[in-house]
Amino acid sequence: MAQPLSDTKPAAFSMSVRVRFAPSPTGALHIGGVRTALYNYLFAKKNGGTFILRIEDTDQNRYVPGAEDYIIESLKWLGITPDEGVGFGGDFGPYRQSERQALYEKHAHDLVARGKAYYAFDTPEELEELRKSRDNFTYNYQERTRLKNSLNMPQEEVRRRLDAGEACVIRLMVEPGQDIHIHDLIRGDVVFQSSELDDKVLLKADGMPTYHLANIVDDYQMQITQVIRGEEWLPSTAHHVLLYQAFGWEDQMPQFAHLPLILKPVGNGKLSKRDGAKFGMPVFPLDWEGGAGEEKFAGFRETGFLPAAVLNFLALLGWHPGNDQEIFSPNELVQAFSIEHISKGGARFDYEKAKWFNQQYIHASSDAELAERIRPAAAARNYRTDTEYLTQIAGLMKERVTVIPDFVEQGYYLFEPVSGYDDEMIRKKWDAALQPAMDTLIGAIEAQEPFAAPELEEMVKQYLQENGIKPGAVLPLLRLALAGTMKGPAVFEMAVVLGKAETVDRLKNGLQYFNQVVDSPAG
RNA sequence: GGCCCGUUCGUCUAGGGGUUAGGACGCAUCCCUUUCACGGAUGAAACACGGGUUCGAUUCCCGUACGGGCUACCA
């Protein structure tokens, strides 16, 4: 249920920190956006403040169904859940800008009434024509005198056009000759000359506000204390300062912090959604399924990353703790975070590092926790999914995987019969002369009680020693028979997890296959 | 083009007027292990360039180069 629009002046400016993450629901939430959300979240939590989710859906043309849900689900998955906002309640709603339209419209007209803004009737086509025919056309203090706006039209004509419902926008009237100083929390002082600025559109012809208007009205009304956003907003911050001044809200203007961009792993430019497919890595938190014929993107979640690992990786991409610590739990991140330690320069997206973080988190997870994470992947392949077995698999495999699906992909032979043998290694290791010894050994294994790794290992090694066989001649064969590959967990642990019957079965089948391979010509 | 931001190993970064310029990922070698990993050890690897300021600049200042962002009735 949408809350009623509130147009009352906020109560006394609260000193408590209130920050917002304000994405536009135009598609999947890009990983850069996730990092912006994270930094806002960390800053809020570190300072005992409030983290707000505001949906900036004022562009009706770019609205993508499902994007809002995607954003919310992403934040929840990562555990950076808003205290207020769309889907989270709060006293400053509604938090969806499309539901606040009347508020923006009123404020835009107020600005006109107070001589800070004006109506402009130039059509988009006319302006485009001007931009095409003139090199550096900007709708500014010089140009506005010869364009179709309320500044240089008779009052009656303006009235008439307005009454006739003629399409028009409201533009901010930027006066030349002022220096606009911004003290950015990350970059320090930045100065803009107002004569360089254009008369930004505040209210579009469809009655919706532009980002510039909406974000000022909302940040003011929602009592935002710090605006932490991407670097791409730095240039328009001068307009935002002007707007706070025009409204007479400069006393409550939030502080600004403009984050560096996340760059492509190689080459030039910022990380784009296409880079995911290009480099075979996720650049979104969750899978995104576009509609029919639309693009699909892989997510960190489905790729098999742990949310805490993604957070850790992202936090360190542009921020540092001031010491050598690399691994931070979400809580430690909150404690360590500070805006002063955010870098100024852009950071390249380093997927290798992301995988390393995930590996660290998998190692640090208990077998029981991992079992729960492996379960869906196992279920998807119709593997057994009982907790006891998955817990054992977790213990066996966790030191050699980087993402969750590795458990069932690399370790498929723990769930189903070996489907591919390393023939080259078999040729290297299998000697038919070993057959009798192997047969005896298999028999011994079958008789082994208890069927536990240390006992099994001792028994096998003792047998080998007594018969003068080098461990190196047989152990690899056991591994090959059990897993088909030379990679994998310790042989005897693997055998125990597979169980005696399966182990014996695989050994017998393996031997048969070995003979077959050696008999056939090398290929 | 104009405006704004940035630049320390391949990458993420620490540092800061005098340091053997530190850590991490990745890479290489070795140890552990009769597998693969984990782990441990070692190594190669950086202050974009040019001018200042200074006894001394990687660090401060100015340029240049390079990179990036913005320049929409998109956010």
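All of these numbers come straight from a predicted model, not from anything done at the bench. First the proteins, then the strands, lettered A, B, ... as listed; each starts at 1.
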Phosphate-side-chain proximity, T210(A) and A72(B), N/O vs OP1/OP2 below 4.0 Å: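 Indeed not, no polar side-chain atom of T210(A) lies that close.
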
Short side-chain N/O contact from K204(A) to OP1 or OP2 of C74(B), under 4.0 Å: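 Yes.
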
Please classify the nucleic acid contact of [X] as base, sugar-phosphate, or nothing, using heavy-atom distances under 4.0 Å.
| X | value |
| --- | --- |
| V190(A) | sugar-phosphate |
| R187(A) | sugar-phosphate |
| V474(A) | nothing |
| T123(A) | base |
| P476(A) | nothing |
| G345(A) | sugar-phosphate |
| G230(A) | nothing |
| N268(A) | sugar-phosphate |
| S343(A) | sugar-phosphate |
| P489(A) | base |
| H363(A) | sugar-phosphate |
| N61(A) | nothing |

Mutual orientation of the aromatic rings belonging to H239(A) and H212(A) [parallel < 30°, tilted 30-60°, perpendicular > 60°]: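 Geometry flag for H212(A) against H239(A): tilted rings.
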
Closest nucleotide among [options] to the [X] side chain:
| X | options | value |
| --- | --- | --- |
| P124(A) | C73(B), C25(B), U71(B) | C73(B) |
| W356(A) | C25(B), A75(B), C5(B) | C25(B) |
| E56(A) | A75(B), A24(B), A37(B) | A75(B) |
| P235(A) | G69(B), G26(B), C4(B) | G69(B) |
| R131(A) | G26(B), C73(B), U13(B) | C73(B) |
| L261(A) | G68(B), C3(B), A75(B) | G68(B) |

Check against salt bridge (Lys or Arg N to Asp or Glu O under 4.0 Å), E128(A) and R131(A): CA-CA 5 Å; E128(A) 196 180 330; R131(A) 289 193 184 96; over 6 Å; no

What's the gap between [N] and [M] when it is taken at their [atom1] atoms, as a whole Å value?
| N | M | atom1 | result |
| --- | --- | --- | --- |
| G2(B) | U19(B) | P | 41 Å |
| C5(B) | A44(B) | C1' | 34 Å |
| C47(B) | C9(B) | P | 7 Å |
| A72(B) | A14(B) | P | 35 Å |
| U11(B) | C27(B) | P | 16 Å |
| C31(B) | C49(B) | C1' | 44 Å |

Any residue meeting side-chain hydrogen bond (donor to acceptor under 3.5 Å, both in side chains) with D406(A), in chain and number order, not counting sequence neighbours: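 Result, side-chain hydrogen bond (donor to acceptor under 3.5 Å, both in side chains) vs D406(A): T402(A).
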
Verdict with supporting geometry, K461(A) and L475(A), side-chain contact (heavy atoms from CB on, under 4.5 Å): CA-CA 9 Å; K461(A) 285 189 172 167; L475(A) 264 28; 4.1 Å; yes

Whole-Å gap separating C1' (C73(B)) and CZ (F137(A)):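 Going from F137(A) (CZ) to C73(B) (C1'), I get 13 Å.
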
Syn-anti status, with the boundary at 90° from 0, for the nucleotide C38(B):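 Here the answer is syn: the torsion falls within 90° of 0.
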
F121(A) six-ring centre to R161(A) NZ/CZ under 6.0 Å and within 45° of normal: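 So R161(A) does make the cation-pi contact.
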
CA sep, side-chain torsions, deciding dist, call: R506(A), E502(A), salt bridge (Lys or Arg N to Asp or Glu O under 4.0 Å): CA-CA 6 Å; R506(A) 289 196 186 189; E502(A) 179 69 17; 2.7 Å; yes

Stretch residues 456-465 of chain A: residues that reach within less than 4.0 Å of RNA chain B through a heavy atom: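 Close to the strand are K461(A).
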
Residue from F256(A), Y211(A), F192(A) passing ring pair (Phe, Tyr, Trp, His ring centres under 6.0 Å) with H240(A):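 With H240(A) as partner, F256(A), Y211(A), F192(A) yield a single ring pair (Phe, Tyr, Trp, His ring centres under 6.0 Å), made by Y211(A).
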
Within the 6.0 Å centroid threshold, strictly below: Y421(A) and Y513(A):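 Yes, the ring of Y421(A) comes within the 6.0 Å limit of the ring of Y513(A), centre to centre.
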
Residue closer to the 5' end of RNA chain B, V169(A) versus I342(A) (nearest nucleotide):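 On the 5' side of the pair lies I342(A).
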
Upstream residue (5' side of RNA chain B) when R35(A) and K270(A) are each assigned their closest nucleotide: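 On the 5' side of the pair lies R35(A).
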
Sub-4.5 Å side-chain heavy-atom contact between F349(A) and D275(A):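 Sidechains of D275(A) and F349(A): no contact.
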
